[in-house]
2 protein chains.
Amino acid sequence: MTSDVPSPRDEPVTLAAIAARAGVHVSTVSRALTPGANGVSPATAQRIRALAAELGYQRDPAATTLRTGRSSIFGVLVPRLTDFVLARIYEGLDAAAARHGYNTFVANTTDDPALRRERLEELLARRVAGIVLGDARLDGDDLVKILARRNIPYVLVSRRLTGHLSVTTDDLLGGRLAAEHLLQLGHHCVGVAAGEPYASTGVERTTGFVRRYAEAGFPLPPEYVLPSRFDTAGGHAAGAALLDLDPRPTAIFAVNDTAAIGVIGALREHGLRPGSDVAVVGYNDIPVAADMPVPLTTVHSPMFEMGQQAMGLLIDRLHGRRVRSKRLRPHLIARDSTLGD
Amino acid sequence: MTSDVPSPRDEPVTLAAIAARAGVHVSTVSRALTPGANGVSPATAQRIRALAAELGYQRDPAATTLRTGRSSIFGVLVPRLTDFVLARIYEGLDAAAARHGYNTFVANTTDDPALRRERLEELLARRVAGIVLGDARLDGDDLVKILARRNIPYVLVSRRLTGHLSVTTDDLLGGRLAAEHLLQLGHHCVGVAAGEPYASTGVERTTGFVRRYAEAGFPLPPEYVLPSRFDTAGGHAAGAALLDLDPRPTAIFAVNDTAAIGVIGALREHGLRPGSDVAVVGYNDIPVAADMPVPLTTVHSPMFEMGQQAMGLLIDRLHGRRVRSKRLRPHLIARDSTLGD
DNA sequence: TGGTGTCGCGCAAACGTTTGTGTAACCTCG
DNA sequence: CGAGGTTACACAAACGTTTGCGCGACACCA
């Protein structure tokens, strides 16, 4: 029962407590414990640090924030963490933040404009050091305007917005890769589950795809490009609609894997098999894609790295370093959902 | 350009600012803005509240926490948010917390004892109002001991620990349901991807399953019950090992859906089809389960509700109300991965 | 040796809030 | 009408930290 943990009984271990025991002023302790130490001799600094470690001192974040007006927290806004892609990106963000001594505070916005506005205000009230926006909107995003106006450091991730710092995959290229693959397999009548119109991911993947098909001499009729929610149900609905078209598409590109699985569900309801009857291509390469009964052809994107790099850029920006947006390179992984078995 | 948002230029709107404009003392403003208002006349309270609203006042959480020693944040510890089940539970937790005016602060622990210990200390340093533990361990969990010893309000979710407040599904029953289903289909030689030995979820689902089979007169040989990680890769590995047994099991129960999909991947590598060649049962009913090329038979568990109820219990406990652990009722959903097509 | 510079540390104020205590003014009632 | 009680507010301290300022002590150099 020896206390490896500071015992709960004694008075809280604050700067003052350490100062008392060390026989110095509290301000000296504060300086000794601050990495950019100045105005304190190496000897006493060492002594104080040892004492602090021994007592298990932990800086009170509330007091620090109150005094400095800044906290060591980054706010993260995402549509929803149940989307594997965002959850994985968040892990990357958090890991990178931790490496630099920061924490992250994440909030789901469900892509609801009012809610994200509200959540942002909460984050700002907590004096976050910066904001990671995972739910940027193409339809006149007011959040980025607020951030820019108030001069809050921020970075976009996953979704792009011209004129704003971001880390994404090269979605135009990703879309082209999907198209290229299906063209090579001889598909000329294809459909797209295009995602939400306010998300650059869906829009650009679709654009890249459609352009490549147009270049190949097979422009897609508008009704073969359907907006869709990003979840399984959304993909299912879009897939069902696409399969009812005449002529029926021989291949379907869904702008994310979860929706692609929904499309596969719709195929089943039509008595069709993915790969052999209708080719299906997804996007992101989430882990389940490879292990499904019919493995999913998909465009692999480095989600964890995307998160890490976004956080890296944000921290660089915070330190006044010059930063530039990044587009990570995706690549296609062909599996049975297009190759057949 | 009229400011719907408090313009950034002016001095920050604090209690003092409101007090000055209202011609009262700051303490009066504080009391007027506190729900359990006392010692302030209804008239001035109303006047102050109107003024606060007009100025867009937001209470500074750092100052409040510093003064009161408590924040309006609940800490949430989960193994990883990329696990859909935990992400969904978290959404339930957060939604319920928001309804009561609280925020949540979530941290991934990757089931690493050292890391979760570290994360917990960070949360406690932030003076969280309570802790939700989503990664309780059966192998002598030191975190719950710390929480109990320091008298921090907490609740377990997803995983159980006898003697500690928790909200889970009835995993013993869930395991039985899976067994019952496979027995009815005539499977007598079955395998289990049992999950991590330190997680009550996997252990109890396995126990329920194994017991039912023993009762039916088909006790499982130990080598047919394999520990496994909870992710797709873990399920894949366990599945591959089970399929190499002689005699080969005609059905496999995986204690969560993600692992079940991994098992399906292993089946494919063996040239086997789920449902027709080997039956597969998962657990949780994550959304993709229903839409896979061969839809997955699984035990549905109410993840969102689990989160909501856990948070509800924690808040009740905080308010000194008597609370009891809950086990939510799961039910089996039969699909093609056991019924064939 | 005296003037100048640097170093190490103490002092005190401030961040915005909550809350116990003090104190006028008012109401009530015998 | 005066004693006792209540109401409505002001006052001030405190939470733990950071940081500009001041002041001795010491070193250095001419």
Side-chain angles (χ1 to χ4, degrees), chain A residues 6 10-49 51-52 55-73 101 122 124-129, chain B residues 6 10-49 51-52 55-73 101 122 124-129:
Chain A
D10 3 4
E11 60 195 32
V13 39
T14 73
L15 287 189
I18 300 180
R21 254 175 277 262
V24 298
H25 193 262
V26 43
S27 66
T28 305
V29 180
S30 174
R31 285 185 244 263
L33 263 32
T34 306
N38 38 358
V40 54
S41 80
T44 45
Q46 182 50 39
R47 189 162 55 93
I48 291 176
R49 271 195 282 266
L51 196 51
L55 297 179
Y57 171 73
Q58 270 206 282
R59 180 178 268 102
D60 183 331
T64 302
T65 298
L66 178 57
R67 169 63 223 238
T68 65
R70 282 280 155 251
S71 83
S72 62
I73 296 182
E122 290 173 9
L124 295 181
R126 296 199 181 280
R127 302 278 187 277
V128 289
Chain B
D10 3 3
E11 61 195 33
V13 39
T14 72
L15 287 188
I18 300 180
R21 254 174 278 261
V24 298
H25 193 262
V26 43
S27 65
T28 304
V29 180
S30 174
R31 284 186 241 265
L33 262 33
T34 306
N38 39 357
V40 53
S41 79
T44 46
Q46 183 48 40
R47 189 163 54 93
I48 290 175
R49 271 194 283 265
L51 196 50
L55 297 179
Y57 171 73
Q58 271 205 280
R59 179 177 268 105
D60 183 331
T64 301
T65 298
L66 178 59
R67 170 63 225 237
T68 64
R70 282 282 155 249
S71 84
S72 62
I73 296 182
E122 289 173 9
L124 295 182
R126 296 199 181 280
R127 303 274 185 280
V128 289

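Values in this document were obtained by computation on a predicted structure and should not be read as measured data. Residue numbers begin at 1 in each chain, while the letters A, B, ... track the order of the sequences.
For dT7(D), the OP1/OP2 oxygens have no side-chain nitrogen or oxygen of S41(B) closer than 4.0 Å.
Counting non-hydrogen atoms under 4.0 angstrom, T65(B) reaches nothing in the nucleic acid.
A search for side-chain hydrogen bond (donor to acceptor under 3.5 Å, both in side chains) contacts involving R59(A) returns nothing, not counting sequence neighbours. Remark: S27(B) engages H25(B) in a side-chain hydrogen bond (donor to acceptor under 3.5 Å, both in side chains) (not counting sequence neighbours). Not counting sequence neighbours, the partners of R70(B) by the side-chain contact (heavy atoms from CB on, under 4.5 Å) test are T68(B), R127(B). With sequence neighbours excluded, the residues forming a side-chain contact (heavy atoms from CB on, under 4.5 Å) with Q46(A) are R49(A), listed by chain and number. For T44(A), the side-chain hydrogen bond (donor to acceptor under 3.5 Å, both in side chains) test picks out S41(A), with sequence neighbours left out.
Straight-line distance from the CZ atom of R47(A) to the P atom of dG8(C): 14 Å, rounded to whole Å.
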## Note on the structure
Expected string for nucleotides 10-16 of chain D under the B/S/- scheme (protein heavy atoms, under 4.0 Å, primed atoms plus P, OP1, OP2 as sugar-phosphate) is BBBBBBB

